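Below, chain A is the first sequence line, B the second, and so on; all start at residue 1. What you see is a predicted model, and the numbers here were worked out from it, not measured in a lab. When reading the values below, keep in mind they use all heavy atoms of this one structure, side chains included, and skip hydrogens, waters and symmetry mates.
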Number of protein chains: 4
Amino acid sequence: MRFFSDNAASVHPAVLEAMAAANHVDTAYDGDAISRSLDRHLSDLFETDVTAIWVATGTAANSLALASLCPPYGSILCHRDAHIQNDECGAPEFYTHGAKLVLVEGDGAKITAPALAARLAATPGGVHWAQPHALSITNATEYGRVYRPDEVAALGEIAHAHGLGVHMDGARFANAMVTLGCAPADVTWRAGVDVLSFGFTKNGGMAAECLVYFDKAKAQGVVERRKRAGHLLSKGRYLAAQIRALLRDDLWLDNARAANAGAQILAEACGQRLLHAVEANEVFVRMTPEDAARLRAQGFDFYDWADGEVRFVVSWDQPQAEITAFAAAIAAL
Amino acid sequence: MRFFSDNAASVHPAVLEAMAAANHVDTAYDGDAISRSLDRHLSDLFETDVTAIWVATGTAANSLALASLCPPYGSILCHRDAHIQNDECGAPEFYTHGAKLVLVEGDGAKITAPALAARLAATPGGVHWAQPHALSITNATEYGRVYRPDEVAALGEIAHAHGLGVHMDGARFANAMVTLGCAPADVTWRAGVDVLSFGFTKNGGMAAECLVYFDKAKAQGVVERRKRAGHLLSKGRYLAAQIRALLRDDLWLDNARAANAGAQILAEACGQRLLHAVEANEVFVRMTPEDAARLRAQGFDFYDWADGEVRFVVSWDQPQAEITAFAAAIAAL
Amino acid sequence: MRFFSDNAASVHPAVLEAMAAANHVDTAYDGDAISRSLDRHLSDLFETDVTAIWVATGTAANSLALASLCPPYGSILCHRDAHIQNDECGAPEFYTHGAKLVLVEGDGAKITAPALAARLAATPGGVHWAQPHALSITNATEYGRVYRPDEVAALGEIAHAHGLGVHMDGARFANAMVTLGCAPADVTWRAGVDVLSFGFTKNGGMAAECLVYFDKAKAQGVVERRKRAGHLLSKGRYLAAQIRALLRDDLWLDNARAANAGAQILAEACGQRLLHAVEANEVFVRMTPEDAARLRAQGFDFYDWADGEVRFVVSWDQPQAEITAFAAAIAAL
Amino acid sequence: MRFFSDNAASVHPAVLEAMAAANHVDTAYDGDAISRSLDRHLSDLFETDVTAIWVATGTAANSLALASLCPPYGSILCHRDAHIQNDECGAPEFYTHGAKLVLVEGDGAKITAPALAARLAATPGGVHWAQPHALSITNATEYGRVYRPDEVAALGEIAHAHGLGVHMDGARFANAMVTLGCAPADVTWRAGVDVLSFGFTKNGGMAAECLVYFDKAKAQGVVERRKRAGHLLSKGRYLAAQIRALLRDDLWLDNARAANAGAQILAEACGQRLLHAVEANEVFVRMTPEDAARLRAQGFDFYDWADGEVRFVVSWDQPQAEITAFAAAIAAL
């Protein structure tokens with residue numbers, strides 16, 4: 001039973017159907033009706049006029065967003081445990097042409113307003129240090145924690161006061177939204193986010209992520225950057241169809257709700273083992289290698305995070321019986 | 001009726017089925033069994049031990065290949081009309097970090113051995129001119145012409161004598177193979193090609209291209225480059241499944257055969273209008289704007305290539321009736 | 001006797017004295033009084049408020065200028081024989097992060113207004129082709145020809161109408177100015193030039209070139225780019241002192257006048273051999289290998305340019321006797 | 001009295017003389033006899049056959065070295081306080097095309113062998129994390145501390161065992177050598193250093209730093225990278241002459257000896273205020289703003305390093321009277 005990554009989850013049947021249906025659309029690149037409808041659908045969802053740009057991976061989405069916000073000679077503030085810092089093999093540096101990532105600390109991979117303010121205050125001016133141009137936060141974070149609208153707004157205010165653009169890595173934005181229960185606008189542009197990487201792949205899609213530019217001026221050059229990165233698909237309609245299918249009737253929220261609910265069941269079973277509050281679909285727990293081995297012997301697969309720490313991820317398509325069985329096995333340790 | 005691009009063609013049902021079947025595979029990135037089988041399947045096809053790397057677009061495939069062959073301070077020889085020069089918004093420059101494309105002339109977008117030799121002989125040595133490190137040729141070419149094995153071998157010999165790596169852009173490699181009728185090995189590694197961009201998207205795939213490294217040493221760093229370009233899919237099995245499906249039972253050749261056959265029918269109808277011999281699925285013809293308008297008025301859609309020149313592309317899924325009708329309409333002009 | 005390059009000329013004594021005098025200045029980087037005076041001196045010279053940025057080489061100056069004008073995904077129009085295309089080992093591509101150089105033809109390495117207009121008209125829009133963002137011209141050109149103010153203005157008008165920034169490579173700007181006799185402003189900003197690489201090294205300096213931004217907004221980021229390219233000298237006063245010395249009492253014009261006058265003497269001796277009108281300090285002539293060997297046997301050193309073509313360069317410090325002797329030797333062939 | 005930076009020091013008269021003498025050398029770029037002699041002089045100094053590459057700044061030298069050791073997709077380990085991390089505006093990222101700097105801690109800006117080993121042990125393999133390819137250490141360090149040969153050897157051994165190349169930033173290598181008293185070879189190639197940035201600018205030069213490749217294979221491509229970075233001077237003889245003059249009769253050691261001796265006098269005066277052992281020409285001390293103001297009121301100029309911390313730098317040309325006066329003023333606080 002697979003609890004190691006939502007990247008291993010299946011594609012939702014409605015998404016597969018939408019992709020098959022796109023077979024009847026016959027325009028190249030992103031000139032088709034499905035693709036052209038995404039600006040509108042995402043503008044509706046976010047209650048403001050946005051520019052949407054879609055690509056196949058979160059790494060590409062994040063990196064394109066950062067290249068929009070930061071020149072090659074600038075720096076980007078992010079959390080020490082951010083995906084852009086640790087898991088993308090230097091993709092942000094590739095796309096930005098060498099901007100520096102400057103690391104900020106914080107519990108649960110969350111940056112706090114005081115930490116951001118302190119970091120900016122300690123940054124020397126002048127040409128010797130790469131001046132900060134962007135802030136990137138992740139919601140839900142790499143530890144499954146969620147930024148509330150007021151927390152984002154506090155960061156956004158500081159960032160904008162210092163002339164930084166604000167990027168939100170939303171690889172698990174759906175999981176955050178389910179927990180927050182607010183309007184998507186509240187935790188994004190109303191809180192100062194300029195561009196969001198809106199993830200669909202982990203949440204029932206196949207390979208589909210959407211950059212949403214709330215500050216449309218910041219989208220300048222992004223379609224050219226996407227093309228020269230090889231991320232403009234020649235048959236773009238099949239990618240757009242995935243996003244369209246997941247947005248329809250709030251399927252994206254349903255999928256995330258299922259995953260989050262499963263994570264809550266595991267969280268209860270973990271009790272004192274929990275390393276972080278469980279606010280999305282990830283559960284980080286203390287566990288001895290012996291206990292981990294016991295669980296694996298029962299057929300549960302998961303990720304060793306660090307010494308004495310493991311990570312469980314519940315996917316949108318996780319059968320309830322698997323979750324219940326896993327919770328029982330954990331509780332029985 | 002769509003004759004403007006094979007990028008607008010549908011995905012073959014067998015490919016869609018294979019992708020749906022991949023829903024039952026649950027490993028992330030490219031660790032799954034389908035992905036892991038591709039080295040073997042392509043080694044079988046090419047009768048030698050190859051390293052295969054797959055991505056979603058031809059632009060990414062070409063650019064990764066060129067970055068494998070040419071350092072940032074080098075240059076790449078290609079035809080003036082090459083896709084890498086004209087249609088990728090500087091993707092080769094992005095991936096190679098600024099290598100220069102040096103243009104060579106030749107009929108039908110084919111580079112001849114004398115032209116290559118002359119260009120290399122005229123290249124100054126030293127550090128002021130970006131020294132050539134790679135040759136990139138396209139088969140079938142941008143004008144639907146095909147390089148024969150002996151032609152590739154002549155180029156490969158010159159290239160290797162000058163220390164250049166050899167890349168073949170095979171966005172329409174299948175169409176070339178159908179025309180050539182030789183073994184895939186004959187026109188690639190046996191003729192000096194070090195790395196091939198093997199295209200599947202235009203030929204019944206959805207978004208799937210495969211880099212095939214015949215010189216495995218030249219693959220060094222390519223998986224890292226793929227990752228930092230955002231082209232390692234987190235659910236890579238769906239991409240691998242497309243390639244697997246098209247290779248099975250020579251479906252890739254069947255698809256290309258259908259497209260090429262259609263192009264031959266159009267070619268006959270075009271007669272003296274032909275600008276280039278038709279050796280793949282593209283037909284370039286002289287045509288007045290008035291004639292073009294007449295065809296469009298009858299529902300035929302195609303691409304204006306240059307003043308008084310148009311391009312027709314026959315896709316793998318083109319209904320025979322459409323082809324016949326189009327041929328008749330052209331003949332009736 | 002050296003006629004092969006003005007890069008081999010000596011440094012003017014006044015420049016050496018100014019550098020020695022800078023030993024008494026003790027501020028690091030470019031914070032010293034000499035450096036800080038350059039904006040003013042160049043603003044005076046050009047009769048407008050400019051931003052000046054100085055570096056040690058013309059390659060760095062040109063590349064920084066181009067990076068100011070063109071994003072990584074754009075293209076730069078220049079002459080096929082431009083220094084930035086042929087002699088800088090891809091420096092523009094390095095500094096711009098992969099912008100493309102698009103080549104335009106023209107006699108004497110001069111781009112004409114119709115050629116520029118035609119090239120722009122033939123450029124496809126959209127994201128597949130790297131869109132043009134800059135025009136770079138060289139004055140005096142690589143063949144020692146000079147653009148007049150009206151010629152630059154015609155190019156500038158077309159460029160600006162298409163949204164391009166305009167760069168002038170002035171490695172031999174002094175030589176052009178002596179020939180033109182106009183105000184420096186007339187052939188630069190009044191004619192639409194946004195940024196000039198003003199060369200001093202070949203003209204009596206040691207290693208000093210100055211970027212002059214007439215459009216100060218375009219200088220955004222250039223000091224950061226200079227720093228990260230390693231071109232902010234920690235003892236910048238010695239570089240600024242060179243420029244200051246050459247600007248004082250029009251020494252730069254005196255030096256260029258001497259070089260140009262010598263070239264005129266050679267030009268007369270060359271007569272029908274001339275390949276290009278001699279308008280600066282370079283003389284391009286037809287010459288058989290036998291004749292070239294005869295001259296070399298008499299102690300004259302020069303550069304083989306192409307088959308049957310040689311180049312003579314007269315430097316600012318060339319003794320009159322050498323010039324007279326060379327002219328006589330040529331005439332005697 | 002200037003104690004804020006050795007970048008503000010004058011150029012040694014012997015260097016100025018050598019530069020003036022280079023006026024009689026007339027070959028362009030680095031083809032002259034002075035330039036061509038540097039390989040030999042540095043090979044003699046280091047008792048092994050080296051490849052020498054010279055540039056005008058330490059930032060360029062460091063960045064070229066790192067580009068030789070690390071591909072764009074790799075990472076470079078360095079100290080958190082390294083100049084390459086904090087003071088070069090992302091130059092290493094520019095020259096390496098986006099490699100990541102990974103920071104290691106350690107007293108006095110020195111990396112210890114256990115810290116290096118631990119950091120490497122904690123580095124995940126695979127393509128998601130930018131794999132380490134180089135180690136860069138600074139000798140003397142940013143805090144004026146010196147690595148002994150055995151310390152470098154311990155680091156070199158670990159680095160090479162992990163396949164990393166080793167770079168030494170020697171902006172103040174002369175100051176370190178004076179303190180160490182060993183052969184230059186002992187603390188460089190015999191201890192595992194592959195390439196050294198050998199600084200001359202701060203130590204009596206004008207603008208001259210020399211890359212010394214002990215592993216000559218690692219120099220592949222560096223002359224091309226230097227050219228395209230605009231760091232091949234067209235009149236390179238004036239740069240080579242500086243290095244030649246400083247190497248002659250151990251002038252480089254004399255200059256550093258003078259600076260170090262002055263720093264020792266200040267160090268004694270500072271007593272308990274010292275933050276780091278004084279092993280080169282820099283003195284870091286605890287000091288209240290009030291005390292700092294008192295010193296400045298007496299005409300002493302220095303750098304505020306951090307809250308309650310200041311830095312004094314003694315230059316090679318510092319008059320003894322200034323040093324004595326400053327020491328007395330500090331002692332009198």
For chain B against chain D, print all donor and acceptor atom pairs separated by less than 3.5 Å.
unit_1: P72(B); atom_1: O; unit_2: R228(D); atom_2: NH2; d: 2.9
unit_1: G98(B); atom_1: O; unit_2: R228(D); atom_2: NH2; d: 3.2
unit_1: R228(B); atom_1: NH2; unit_2: P72(D); atom_2: O; d: 2.9
unit_1: R228(B); atom_1: NH2; unit_2: G98(D); atom_2: O; d: 3.2

> Looking at residues at least two apart in the chain, or sitting in another chain, which of them share a side chain to side chain contact (heavy atoms under 4.5 Å, CB included) with A20(D)?
Replying inline: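 If we apply the side chain to side chain contact (heavy atoms under 4.5 Å, CB included) test to A20(D), skipping adjacent residues, the hits are L16(C).
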
> Highest number of heavy-atom pairs under 4.5 Å with chain B: which of G221(D), G98(D), P71(D)?
Replying inline: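 Answer, by heavy-atom pair count under 4.5 Å with chain B: G221(D).
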
